[in-house]
Amino acid sequence: MLYLLKLGPVPLSQGTTQVYLRISDTGEPSAPVFEADDETGMRALLDGVDAEDVRCEPALAEAGAALGVEVEEPPQAALSSRAAIATFLAWGQRGLSGLGSDKALLFVQASTEYWEARPWTHWDDSQPFEVAVSGPLTHTFEGCVFHTGDGRAGLALYYKPGALQMLMEMQARGQGDAATQLPAIAVTLDTSPVYAVEALSAAGRVPRLPMPLKTGPDGISVPNPMEAVLLVAALRAVARLSPAQQEVLSTVVAGEAQMEVRVRAPAPRVRH
């Protein structure tokens, strides 16, 4: 069975578009179609296939009725495929596509584990974690978890010891923008774009867009592939921490080499 789904509206440099997808029940997508309205987009996806073998998601019910396509909730595989496409599309719009679709999938899975664990309920962004990495990249980072009032969350790994203290001092002096000059890699779980967040949420994944980034004296940039894999491993390790389990070892394969990430958490913050 084939399923028709949509993403959108997707913002463009001028205006917006809708993205229409035909995905098999095993999660295999065909080429996406970009159109302004449901009926036109669906008609393009129906070209060359038997409508009896096609179903559309409830959001496309009106156009589906006009085209003789029955409505049916898509299976998990189709929803997951749409979520992956939405993530990579959003990454492309934000200059991250160079990391590759495989990294996008890794970040979605690791970020889902991290989101479900909600480490910020035990620790706050003033508490440094020790993140010791060995392998192709050997370094001890100062990490922190964060969750902001606007709904964003994430994990930051600073290259220099004492970075969190420096960050708080900068913020106290009103120099928050200078924080982007501190050498670090991080992943933020963003509340936009809405089309990506909705697709991820509908698939039962993290209801935020994972956004890996790198900061330093030259400003904000994209982590290299090794740093991206390290962030994935750190997300998964921190997701396994708890007040009763304050040290976790995570092993990840990077190319032909193996990387170990050991995370030690500070004492949980007492909340009243």
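These figures come from a predicted structure and were not determined experimentally.
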| message | Keeping Tyr20 on the side-chain end and Asp37 on the backbone end, is there a donor-acceptor pair under 3.5 Å? | response | yes

| task | Quick one: which residue pairs count as a side chain to side chain donor-acceptor pair (under 3.5 Å) with a foot in residues 101-111, not counting sequence neighbours? | result | Gln109-Glu113

| query | Going through the checks in order, is the side chain to side chain contact (heavy atoms under 4.5 Å, CB included) test met by Val54 and Leu46? | reply | CA-CA 8 Å; Val54 179; Leu46 288 169; 3.9 Å; yes

| message | Could you check whether atom CD of Gln76 has more than 12 heavy atoms from other residues, nucleotides or ligands sitting under 6.0 Å from it? | response | yes

| request: State whether a side-chain donor-acceptor pair under 3.5 Å links Arg208 with Thr112. | output: no

| message | salt bridge (charged side-chain N to carboxylate O under 4.0 Å, His left out), that's the test. Do Glu57 and Lys6 meet it? Break it down for me. | response | CA-CA 8 Å; Glu57 67 172 324; Lys6 76 172 180 178; over 6 Å; no

| request: Check whether any side-chain N or O of Thr148 sits under 3.5 Å from a backbone N or O of Arg152 as a donor-acceptor pair, and report yes or no. | output: yes

| message | Please check: side-chain N/O of Thr138 versus main-chain N/O of Gly135, any donor-acceptor pairing under 3.5 Å? | response | yes

| task | Answer yes or no: is there a side-chain heavy-atom contact under 4.5 Å between Leu200 and Val108? | result | yes

| field | Leu2 side, atom CG; Leu45 side, atom CG - distance, nearest 0.5 Å | value | 10.0 Å

| Greater than 12 external heavy atoms within 6.0 Å of Glu169's CD | yes

| Side-chain (Glu227) to main-chain (Asn224) donor-acceptor, under 3.5 angstrom | yes

| query | How close do Val229 and Val252 get, heavy atom to heavy atom, and via which atoms? | reply | CG1-CG2, 3.5 Å

| task | Considering only Ile, Leu, Val, Met, Phe, Trp and Tyr, and joining two whenever side-chain heavy atoms are under 4.5 Å apart, list the other residues clustered with Tyr3. | result | Met1, Leu5, Leu7, Val10, Val19, Leu21, Ile23, Phe34, Leu79, Ile85, Leu89, Tyr195

| message | Keeping Gln245 on the side-chain end and Glu247 on the backbone end, is there a donor-acceptor pair under 3.5 Å? | response | yes

| Any side-chain heavy-atom pair of Ser134 and Met259 under 4.5 Å | no

| How long is the span from the CG atom in Leu99 to the CG atom in Leu106, to the nearest 0.5 Å? | 10.5 Å

| said: Show every ring pair (Phe, Tyr, Trp, His ring centres under 6.0 Å) that has at least one partner inside residues 42-92, sequence neighbours left out. | reply: Trp91-Phe107

| task | Group every Ile, Leu, Val, Met, Phe, Trp and Tyr by side-chain heavy-atom contacts under 4.5 Å, then state whether Leu137 and Leu235 land in the same group. | result | yes

| request: Mark yes or no for whether Ser192, through its side chain, and Val194, through its backbone, hold a donor-acceptor pair below 3.5 Å. | output: no

| task | Of all the heavy-atom pairs spanning Val197 and Pro207, show the shortest one and how long it is. | result | CG1-O, 3.2 Å

| Got a sec, which residues hit side chain to side chain donor-acceptor pair (under 3.5 Å) with Arg43, two or more places apart in sequence or on another chain? | Glu39

| query | Looking only at atom types and distance, does a side-chain atom of Arg55 sit under 3.5 Å from a main-chain N or O of Glu52, one as donor and one as acceptor? | reply | yes

| Any donor and acceptor pair, going by atom type alone, linking the side chain of Arg82 with main-chain N or O of Ser80 inside 3.5 Å? | no

| task | Using the rule that two of Ile, Leu, Val, Met, Phe, Trp, Tyr join whenever any of their side-chain heavy atoms come within less than 4.5 Å, decide whether Met226 and Val222 are in one cluster. | result | yes

| Can Ser250 and Arg240 be counted as having a side-chain donor-acceptor contact under 3.5 angstrom? | no

| field | Check: Ser126/Asp124 side-chain N/O donor and acceptor closer than 3.5 Å | value | yes

| remark: Closest non-hydrogen atoms of Ala51 and Gly68, given as atom of the first, atom of the second and distance, are CB-O, 4.5 Å

| said: Would Val133 and Leu230 count as a side chain to side chain contact (heavy atoms under 4.5 Å, CB included) here? Give the steps. | reply: CA-CA 8 Å; Val133 183; Leu230 167 56; 3.4 Å; yes

| field | Atom pair CG/CD of Leu96 and Gln93 - distance to nearest 0.5 Å | value | 11.5 Å

| Hey, is the main chain of Gly154 close enough, under 3.5 Å, to the side chain of Tyr114 for a donor-acceptor pair? | yes

| query | Got a sec: does the CD of Glu62 have more than 12 other heavy atoms crowding it under 6.0 Å? | reply | no

| request: Just grab all the ring pair (Phe, Tyr, Trp, His ring centres under 6.0 Å) pairs involving residues 230-252, residues at least two apart or on different chains. | output: none

| task | Say whether, by atom type as modelled, one donor and one acceptor occur between the side chain of Gln127 and the main chain of Ala267 under 3.5 angstrom. | result | yes

| task | Kindly indicate, with the supporting measurements, whether the criterion side chain to side chain contact (heavy atoms under 4.5 Å, CB included) is fulfilled by Leu213 and Ile185. | result | CA-CA 6 Å; Leu213 59 91; Ile185 54 176; over 6 Å; no

| request: Could you go through the ring-ring contact (aromatic ring centres under 6.0 Å, His included) check for Phe141 and Tyr158 one step at a time? | output: CA-CA 5 Å; Phe141 293 83; Tyr158 292 93; 9.6 Å; no

| Trp123 and Phe129 aromatic ring geometry - parallel, tilted or perpendicular at 30°/60° bounds | perpendicular

| query | How close do Leu189 and Pro210 get, heavy atom to heavy atom, and via which atoms? | reply | CD2-CA, 3.9 Å

| When you look at Glu142 and Leu164, which way does the side chain to side chain contact (heavy atoms under 4.5 Å, CB included) test go after all the steps? | CA-CA 8 Å; Glu142 186 171 275; Leu164 281 183; 3.5 Å; yes

| field | Rounded distance [0.5 Å steps], CG in Asp150 versus CG in Asp190 | value | 8.0 Å

| Under a 4.5 Å cut-off applied to non-hydrogen side-chain atoms, are Lys160 and Leu182 in contact? | no

| request: With sequence neighbours excluded, tell me which residues meet salt bridge (charged side-chain N to carboxylate O under 4.0 Å, His left out) with Glu73. | output: none

| To the nearest 0.5 Å, what is the distance between CZ (Arg269) and CG (Asp125)? | 9.5 Å

